[in-house]
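To start, the structure itself, in structure tokens.
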Amino acid sequence: MAGSLIGGLIADGWNPSSIRVSDTDSRQLERLSQRFPIMTTNDNEAAVAGADVVVLAVKPQVMESVAQALAGSVSKQQPLVISIAAGIPESALRHWLGEKTAVVRSMPNTPAMVQSGATAMYANPYVSDEQRSVAESILRAVGIVIWIDDESMMDAATALSGSGPAYMFLFIEALQAAGRELGFSEETAYLLALQTAFGAVKMALESTEDAKLLRQRVTSPGGTTERAINTLQEGGFEELVSKALHAAAERSRELSKEYGSTR
Ligand SMILES: NC(=O)c1ccc[n+]([C@@H]2O[C@H](COP(=O)([O-])OP(=O)(O)OC[C@H]3O[C@@H](n4cnc5c(N)ncnc54)[C@H](OP(=O)(O)O)[C@@H]3O)[C@@H](O)[C@H]2O)c1
């Protein structure tokens, strides 16, 4: 995710020499510095020294130790801290970094890798308007940004857009498998499923009409699409999607308790 953000920022015109990256994995740093003219280090404190903005992009499991080790520098410099870690509440970050730290908690998704991400962001009261727009411009380099006022909505964002790409892939897989059953080769079924998903999303993005209306437009009474849609709905498609999102949001709440515990 950090690599995608760096790529997006540079493509957006940010000066690579203003970006410093720290990682414990030297091969990862080597790969990054081969792609971008940025400064890399194995020392988190060196990366943070003098920074106006610190982006924390480690796994949730290691966030506590990474943040605690940066507490001294962060309390002294008071930078804006942006976390992209799933499940870590801003209160936990402040507990580890310093109680008055300006924290933007964000939940991007993997299409950020192709600059088509959807990121939900929450700013705590210590974040200034200027820092808010800096945070937004950083995450906007990899897709769209939605601000939420209530941090608990982060679990809903995790369920909808954070985990969402996997639901889309599953639907494409199911279309491909059914296409195979109807007689297409694996490759042709995949290509038709993929381009159909892409075309439908592009159409919806470019249209002023909502998805429901677009669907109704392509569903002629008594036609093939209607037969398929009825079959999906009779099988409880919408209820199943709703159940899946509720389950994901619940899991997100559980993980927040697990990773964000400040004991
Ligand atoms: N991937 C997604 O779809 C997605 C979506 C939304 C949010 N996120 C969040 O984004 C964060 C990063 O996810 P990711 O998939 O990009 O993980 P990742 O590929 O494992 O990247 C994290 C990097 O941090 C390094 N690291 C580990 N401990 C460190 C330390 N003490 N100091 C400095 N660097 C350290 C890791 O090195 P090692 O490999 O050596 O451990 C790794 O290179 C996670 O918190 C995740 O919840 C991810």
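All heavy atoms count here, side chains included; hydrogens, waters and symmetry mates do not. Both counts, for ligands and for their atoms, begin at 1 and track the order of listing.
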query = Given Lys59, Arg27, Met63, Arg31, which one has a non-hydrogen atom that is nearest to atom 20 (O) of ligand 1?
reply = Lys59
query = So, Ser83 side chain and Ala85 main chain: donor-acceptor pair closer than 3.5 Å or not?
reply = yes
request  = Check each atom of ligand 1 against the heavy atoms of Gln28 and keep those under 4.0 Å away; list them by number with element.
outcome  = 43 (O)
key: Check: Ala49 main-chain N/O paired with Arg20 side-chain donor or acceptor under 3.5 Å   = yes
task = Measure the distance from atom 8 (N) of ligand 1 to every protein heavy atom, then report the residue, atom name and distance (to 0.1 Å) of the closest one.
result = Ile84 O, 3.5 Å
task = Specify the protein heavy atom at minimum distance from atom 40 (O) of ligand 1: its residue, its atom name, and the distance to 0.1 Å.
result = Asp25 CB, 3.5 Å
task = With heavy atoms only and a cut-off of under 4.0 Å, state how Ile88 meets ligand 1: side chain, backbone, both or neither.
result = neither
message = Whether the side chain of Ser116 engages the backbone of Val114 through a donor-acceptor N/O pair (distance < 3.5 Å, no angle test) should be reported.
response = yes
query = What protein heavy atom is closest to atom 3 (O) of ligand 1, reported as residue, atom name and distance in Å?
reply = Thr110 CG2, 2.9 Å
note = If we number the atoms of ligand 1 from 1 as shown, the ones under 4.0 Å from a heavy atom of Met1 are 1 (N), 2 (C), 4 (C), 10 (O), 16 (O), 48 (C)
remark   = The closest protein heavy-atom partner of atom 21 (O) of ligand 1 is Ala57 O, 4.1 Å
query = Where the side chain of Thr101 meets the backbone of Val103, is there a donor-acceptor pair that is under 3.5 Å apart?
reply = no
ask   = Considering only heavy atoms of Met107, which atoms of ligand 1 have at least one such atom less than 4.0 Å away?
value = 6 (C)
key: Arg105 side chain to Ile88 backbone, donor-acceptor under 3.5 Å   = yes
query = Can Thr41 and Asp43 be said to form a side-chain hydrogen bond (donor to acceptor under 3.5 Å, both in side chains), step by step?
reply = CA-CA 5 Å; Thr41 171; Asp43 180 350; 5.2 Å; no
task = Using modelled atom types only, decide if a donor and an acceptor are shared between the side chain of Ser242 and the backbone of Glu238 within a distance under 3.5 Å.
result = no
ask   = Judged by non-hydrogen atoms, does Pro108 sit under 4.0 Å from ligand 1?
value = yes
query = Between Thr219 and Glu226, is there a donor-acceptor pair closer than 3.5 Å when you use the side chain of the first and the backbone of the second?
reply = no
ask   = What atoms of ligand 1 come within less than 4.0 Å of a heavy atom belonging to Pro60?
value = 44 (C), 45 (O), 47 (O)
ask   = atom 31 (N) of ligand 1: which protein heavy atom is closest, and how many Å away?
value = Val66 CG2, 3.3 Å
ask   = Is the closest N or O pair between Ala86 and ligand 1 shorter than 3.5 Å?
value = yes
query = Can you check whether Tyr259's main-chain N or O pairs, donor with acceptor, with Gln61's side chain at less than 3.5 Å?
reply = no
key: Donor-acceptor pair, side chain of Ser137 and main chain of Val134, under 3.5 angstrom   = yes
Any N/O pair Asp23/ligand 1 closer than 3.5 Å = yes
query = Under 3.5 Å, N or O to N or O, is Val58 touching ligand 1 that way?
reply = yes
query = For atom 41 (O) of ligand 1, which protein heavy atom lies nearest, and how many Å away is it?
reply = Thr24 OG1, 4.5 Å
task = Among all protein heavy atoms, pick the one closest to atom 32 (N) of ligand 1 and tell me residue, atom and distance.
result = Asn44 ND2, 3.0 Å
Atom of Gly98, atom of Ser75 and distance for their closest heavy-atom approach = CA-OG, 4.3 Å
